[in-house]
Amino acid sequence: MITLEQLLSQLNEHQREAVAYNAGPSLVIAGAGSGKTRVLTYKIAYLLLSGYHPSTILALTFTNKAAREMKRRIADLVGADKAKWLWMGTFHSIFSRMLRSEAERIGFTPQFTVYDSSDSRNVLKAIIKEMQLDDKVYKPAMIQGRISYAKNNLITASAYESHGNLLKSDSDARIPMLSNIYSTYAKQCRQANAMDFDDMLLYTNILLRDFPEVLEGFRQRFQFILVDEYQDTNLAQHIIVKRLAEIHQRIAVVGDDAQSIYSFRGANIDNILQFKVQFPTSKMFKLEQNYRSTQNIVAAANSLIKKNKGQIQKNVFSEKDEGNRIQLLTAMTDTEEGYLVAKEISDLYYQEHHPYSDFAILYRTNAQSRNFEEALRKRNIPYRIYGGLSFYQRKEIRDVLAYFRLIVNPLDGEALKRCINYPTRGIGETTMTKVSECANQNQVSLWSVIGDPVFFQLPVNRPTATKLTHFYAMIRALSDDATTLDAYEMAVKIIKTVGISEDMTEDMSAENISRRENIQELVSGIHTFCEQKVNEGETQIGLADFLSEVSLLSDQDLDAEGPDDKLTLMTIHAAKGLEFRNVFIVGMEEELFPSGYVSSERELEEERRLFYVALTRAEERCFISYARSRFRNGQLNFTNPSRFLSDIDQNLLDLPADFRQAMSVSSFMPNKREEEVFEKKISNEESDAPIKTTQRFTSSSWKKVASSSSQMTNTSATSIQSGGGVAVGNKVFHEKFGQGIVVSLEQMDGNWKANVDFGSNGSRALLLKYAKLVILE
DNA sequence: AATCCACTTGTTTTT
DNA sequence: CAAGTGGATT
């Protein structure tokens, strides 16, 4: 047990002020590595020591891991007996708890299923098919994205139907039926007693909006509210937090606007930038001392993020050693990139005796992991990959979980389809289509139809009807068992009863063995889960208890922090909040990082923040690598180094000898000219067909592309204004004419022609093939 | 109904 | 390169 004085003495001045301030709302802007988690945990400990009961404190985090970690640290400070009463968890897990306790009010049961994104995509696919729409136009993933966006902005299906602007923009985008799809989707989810991730936020809002007594109850209960990573909250989350804190105004949020990287998921950076507006009496605290990284790394990150505008002004500094400069590794191919990185790691491991767990390889996309895996394997370097296909997304695991879901919630249509299909029992697509149609016509669930095909006049023959009722009876019997057995016993029973174990032991193929192992892992996971809950004093841990937690878990949460010494491979997104002694940021190429999908200044700035997050993960050493060519979709692409490299103060970079040359064929988009560029892009679209970067590899293409270097795809924002290695807006130098600005670019017979304004020397049209322009900036 | 094969297709990040 | 689709086969 610790006293208040001791607690505060372990903090620096600014941290202490932030922790001790309790007189009103507060916003803590915590620069990278400045002890953000420390402030949050100490603040909670401070509140507990000042007399708040733990069950009156609500702390919302972004990941389960962060919540667990924080809880553990609070337990160390004030004791586990207190810490365990805290309401601490992710938005989704806390809201799940709230929704389950009040489910009936909004037309669900406490056993509602959580549809993951592939469940919800499947539902959407079926709806699109049912409505006889073209799935090339109504792309499920895109529809899903728009619905998600609507929900995150608290636009319900019925609000959408009467939202003029949205309907107009949909009809302009040639997808006028989107609103109908949304409505049908919402209706079907409701009928299935299921919510998707976004629904959990949406329905929590509805619950708090429409049921004043519920809102009042939660306001009473949560006397103090803390939110981590506030820069990544979306409108739905923001409004919930605001509602809960509205009366007592005891709220503290922590975040860093420079690390906002989830706008694709609806996060709105304005939530943190506008906090003062939302909570006018709030006080802002800034944490600017970085305890994580060397001075060089901090300086590099600062120089990068300076290129973004509209940030909260701060001066992040480090008092650690100056450290090494950031080292750039240049490879000819993506395979070589893997080799170089692995070699560097090997060298550090043997020369400096850093354990492998001190290393991380961070990339923009999961698909990039392959080359590194191979290179690491060749050197026998142990590694652990995070992300990608998670444990819970494996087919066999999803199959088993589908049975759990169906037993807990028979209305869960997606689970039912999955179960009925595996193990195979002679019920196929045609039958299920009929069942779906029949269910739709009678406005009942698939489950009801299967239970009594005759009553619903399902047009199937006798043997098929029997198969259906058999299946129904089997699930019913298991549901009965579920009233007395715990989750672990049920899991074992289900796997035996439904024929999964039989199917898996049929042959000893490698796949079957691996599947069996995975299922075994799941079962023992459930066992551990039950034991843990019993230890915490709970009784009767049923399947529902297990499911409600597991559906909100990602694979990162499951990783047993084993004693083994392994290197980490993950996306930069997944690395947020983590730190490593040595960090490798790989694939620093145009089209990849920044992603080829960026189409606005705002998105480009988010990519830059992502790079900022990557850099600031490093404690001691940071390496950046890129390849000049890379396989993508089975095709060889030639690539240019990322523009972000030139955003970093060049004095802090260790450049390879050939780097200047490589940069000179790269294209850099000057930020301030961007709007012009996009206007130009639109006007040029038909006339100016850009050369495709993607081409089959032939012996001559390397040379050809390297010299003309018109390597942008036509989807790229940079495609029009860049060519021959220069970009519109570039300041260039010409031997004869001196300095000038590139005004426009066009293509003539495959050669790039640039109009350059040389000021007093006039404007000139130059063929880049002949003119030797040097890019100045 | 289920399986297999050849073809197309399309690709960020995730609670 | 991969996953997912559509068609033919058993």
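Below, all heavy atoms of this structure are taken into account, side chains as well, without hydrogens, waters or symmetry copies. Just so you know, these numbers come straight off a predicted model, no measurement behind them. The sequence lines fix the lettering, A, B, ..., with proteins before strands; numbering per chain opens at 1.
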With heavy atoms under 4.0 Å as the rule, sort D198(A) into base, sugar-phosphate or nothing. nothing
Proximal nucleotide (of dT15(B), dT13(B), dA2(C)) relative to the R370(A) side chain: dA2(C)
Answer yes or no for this row: F264(A) ring on dT13(B) base, centroids under 5.5 Å, planes under 30°. yes
Taking only residues two or more places apart in sequence or in another chain, which ones pass side chain to side chain contact (heavy atoms under 4.5 Å, CB included) with D257(A)? I29(A), I269(A), I272(A), L273(A), Q311(A), I312(A), K314(A)
Report which part of the nucleic acid S93(A) touches: base, sugar-phosphate, or nothing (heavy-atom distance under 4.0 Å, all strands). nothing
My understanding is that only residues two or more places apart in sequence, or in another chain, count here; which of them pass side-chain hydrogen bond (donor to acceptor under 3.5 Å, both in side chains) with H573(A)? none
Return the nearest nucleotide to the side chain of Y262(A); candidates are dT12(B), dA2(C), dT14(B). dT14(B)
In whole Å, I'd like the distance from the CD atom of Q635(A) to the P atom of dC1(C). 11 Å
Rounded to the nearest Å, what distance is computed from the CD atom of residue Q393(A) to the P atom of nucleotide dG4(C)? 11 Å
Set of side chain to side chain contact (heavy atoms under 4.5 Å, CB included) partners for A367(A), sequence neighbours left out: T365(A)
Assign F62(A) to base, sugar-phosphate, or nothing according to its heavy-atom contacts below 4.0 angstrom with the strands shown. sugar-phosphate
S117(A) vs E607(A), nearer the 5' end of DNA chain B by closest nucleotide: E607(A)
Measure from OH on Y203(A) to P on dT15(B) and round the result to the nearest Å. 23 Å
Can you tell whether the side chains of E607(A) and R364(A) come within less than 4.0 Å, N to carboxylate O? yes
Whole angstrom value for the distance that separates P of dT13(B) from NZ of K576(A): 16 Å
Between dT13(B) (P) and I269(A) (CD1): distance, integer Å: 21 Å
Can you sort out the partners of D232(A) under side-chain hydrogen bond (donor to acceptor under 3.5 Å, both in side chains), two or more places apart, ordered by chain and number? K576(A)
Taking side-chain hydrogen bond (donor to acceptor under 3.5 Å, both in side chains) as the test, write out the residues that go with D116(A), two or more places apart. S118(A), R398(A)
Pairs involving residues 141-150 of chain A, ordered by first then second residue, that meet salt bridge (Lys or Arg N to Asp or Glu O under 4.0 Å) (sequence neighbours left out): R146(A)-D170(A)
Give me the distance, rounded to whole Å, that separates dT12(B) from dT5(C) when you measure between the C1' atoms they each carry. 24 Å
Rounded to whole Å, the CG-P distance (L578(A) to dT14(B)) equals 13 Å
Of all the nucleotides listed (dT15(B), dT13(B), dT12(B)), which has the minimum atom distance to the side chain of N366(A)? dT13(B)
Whether N64(A) contacts dT15(B) is assessed here as follows: a side-chain N or O lying under 4.0 Å from the phosphate OP1 or OP2. Is that the case? no
Carboxylate-amine/guanidinium contact E437(A) K434(A), below 4.0 Å: no
Picking from dT15(B), dT14(B), dT13(B), which would you name as closest to the side chain of A574(A)? dT14(B)
Partner residues of E549(A) under the side chain to side chain contact (heavy atoms under 4.5 Å, CB included) criterion, sequence neighbours left out: F529(A), K533(A)
For N308(A) and R608(A), does a side-chain donor sit closer than 3.5 Å to a side-chain acceptor? yes
Between K395(A) and R418(A), is a side chain to side chain contact (heavy atoms under 4.5 Å, CB included) present by the stated rule, with each step listed? CA-CA 10 Å; K395(A) 271 179 217 83; R418(A) 200 169 186 108; 4.1 Å; yes
T571(A) side-chain N/O to dT12(B) phosphate OP1/OP2 under 4.0 Å: no
So what does F91(A) hit on the nucleic acid, given a heavy-atom distance under 4.0 Å: a base, only sugar-phosphate, or nothing? nothing
Close N/O contacts between protein and nucleotides 2-9 of chain B (under 3.5 Å):
residue, atom, partner, partner atom, Å
dA2(B), OP1, G426(A), N, 3.1
dA2(B), OP2, I427(A), O, 3.4

Scoring nucleotides 5-10 of chain C by protein non-hydrogen atoms under 4.0 Å (B base, S sugar-phosphate only, - none) yields S-----
Can you list the residues that meet the side-chain hydrogen bond (donor to acceptor under 3.5 Å, both in side chains) rule with D134(A), with sequence neighbours excluded? none
For DNA chain B, what residues of residues 138-154 of chain A have any heavy atom nearer than 4.0 Å? none
Rounding to a whole Å, what distance do you find between H92(A):NE2 and dT14(B):C1'? 9 Å
Atom pair distance, as rounded to whole Å: CG in L592(A) and P in dT13(B): 10 Å
Would you please name every residue forming a side chain to side chain contact (heavy atoms under 4.5 Å, CB included) with A186(A), sequence neighbours left out? A157(A)
